[in-house]
Asks: 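This structure is in structure tokens; I'll ask about it shortly.
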Protein chains: 2
Amino acid sequence: MDNKHIFTEKLRSSGLRPTKQRIEICKLLFNRKDTFHFSISDLKNISTKKISLATIYNTIHAFTRKGYLKEISINSDKTYFDTNTSDHHHFFDENKKKLIDLDDNNVGKIKIKKTLPGKKIKSVEILVRITNDN
Amino acid sequence: MDNKHIFTEKLRSSGLRPTKQRIEICKLLFNRKDTFHFSISDLKNISTKKISLATIYNTIHAFTRKGYLKEISINSDKTYFDTNTSDHHHFFDENKKKLIDLDDNNVGKIKIKKTLPGKKIKSVEILVRITNDN
DNA sequence: ATCATAATTTATAATGATTCTAATATAGTG
DNA sequence: CACTATATTAGAATCATTATAAATTATGAT
């Protein structure tokens, strides 16, 4: 069971043609229990089928625009993406250079007391940098 | 008054030789009232003296290691630095692509309820994305 | 001040991620 | 099937950043 028809429908209903490359990427990303943090090169590496780099970029960006992926900011040369698009935060393990989810309900309420005229808050993201405890 | 001798001393006391390039960069960064958010190319642009790009990179990284600058993470292709090294957070204006300081005391206390074995928290950073309110 | 040495600067090349381009292939529609 | 819009592709282009190796400069000792 690889959910091919489900992905096909999902793609179609978002106005994206269900090509074999997109379905393959869907399988890699969404046929897993846990949320997946990855960079483009990670994705390239785990893919057995040959999909061009440009297609991987295009697809991941399309999925991000559709809200199926979330882009994550850390100071690193690579951009990371997350299959968990819910409101949540991250630990960044500086030793392992790995992201770990931090659920919104594992963080106390955040109050932003400063406001800026003519601006509205789009999102509030927390990054907790962690290191080995020694 | 350009604080040249103060910068010279500061550099020397951190084990960095006070070269004319480093002193020029000190002036650009620290002779200002407000904190300064910049990218390497911003710095290159405001410098009237010709300093090679490699030296700008080297110097900014040296200053960051010494704690005179702080590196900031946002999802963008450039790395930003901040002359305000105190514990604080940022707004990122998605329309203007500009960073704005958000003081720690303008944010309610943040409680991280999840712990990870063998790890300690190094820092907690908040990024508040804002857009035009319309 | 001069010398020797280690640190620094520099121009340039190399790298790596990402985007662009233009040709080819494919999906959806009639 | 045929047409057209959309996708995929390989490869080139771009941009930020890092590495290299030679020339320059700061510093401490003489």
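The structure presented is a predicted model; accordingly, all values stated were derived computationally and were not measured. In what follows, chains are A, B, ... by sequence order, proteins preceding strands, each numbered from 1.
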Asks: Take atom NZ of B:K20 and atom C1' of C:dT10, then tell me their distance rounded to the nearest Å.
Replies: 11 Å
Asks: Could you walk me through whether A:I72 and A:L127 pass side chain to side chain contact (heavy atoms under 4.5 Å, CB included), step by step?
Replies: CA-CA 10 Å; A:I72 299 172; A:L127 182 69; 5.7 Å; no
Asks: Would you tell me whether A:S39 and A:D42 have side-chain atoms, one donor and one acceptor, within less than 3.5 Å of each other?
Replies: yes
Asks: Quickly work out the B:E24 CD to C:dT9 P distance and round it to whole Å.
Replies: 13 Å
Asks: Between B:Q21 and D:dT24, is there a side-chain N or O to OP1/OP2 distance below 4.0 Å?
Replies: no
Asks: What residues from residues 59-69 of chain B pass a heavy-atom cutoff of under 4.0 Å to DNA chain C?
Replies: none
Asks: Does the side chain to side chain contact (heavy atoms under 4.5 Å, CB included) test come out yes or no for A:L102 and A:I100, once each step is laid out?
Replies: CA-CA 7 Å; A:L102 173 58; A:I100 300 156; over 6 Å; no
Asks: Apply the test salt bridge (Lys or Arg N to Asp or Glu O under 4.0 Å) to residues A:K114 and B:D103: give CA-CA distance (whole Å), side-chain angles for both, the deciding distance (0.1 Å), then the verdict.
Replies: CA-CA 9 Å; A:K114 183 177 179 179; B:D103 264 37; over 6 Å; no
Asks: What is the separation between atom CG on B:L43 and atom C1' on D:dT17, rounded to the nearest whole Å?
Replies: 15 Å
Asks: Between the side chains of B:N31 and B:D2, does any donor sit under 3.5 Å from an acceptor?
Replies: no
Asks: Quick check on salt bridge (charged side-chain N to carboxylate O under 4.0 Å, His left out): which of A:K44, A:K4, A:K49 does A:E24 satisfy it with?
Replies: A:K49
Asks: Taking the six-membered ring for Trp, are B:H37 and B:H90 parallel (under 30°), tilted (30 to 60°) or perpendicular (over 60°)?
Replies: perpendicular
Asks: Going by number, which of residues 50-58 of chain A have a non-hydrogen atom under 4.0 Å from DNA chain C?
Replies: A:L53, A:A54, A:Y57
Asks: Within this structure, what is the CG-to-P distance between B:L16 and D:dT25, rounded to whole angstrom?
Replies: 19 Å
Asks: Of all the choices, C:dT9, D:dT17, D:dT27, which nucleotide is nearest to the side chain of B:R22 once you look at every atom?
Replies: C:dT9
Asks: Counting only side-chain N and O atoms of B:T19, is one of them less than 4.0 Å from OP1 or OP2 of C:dT9?
Replies: yes
Asks: Can you label the angle between the A:H61 ring and the A:Y57 ring as parallel, tilted or perpendicular, going by 30° and 60°?
Replies: tilted
Asks: Specify the separation, in whole Å, of atom CZ of B:R12 and atom C1' of D:dT27.
Replies: 9 Å
Asks: What's the CG-P distance between B:L11 and D:dT27, to the nearest Å?
Replies: 10 Å
Asks: Give the ring-plane orientation class for A:F63 versus A:Y68, where under 30° counts as parallel, over 60° as perpendicular and anything between as tilted.
Replies: perpendicular
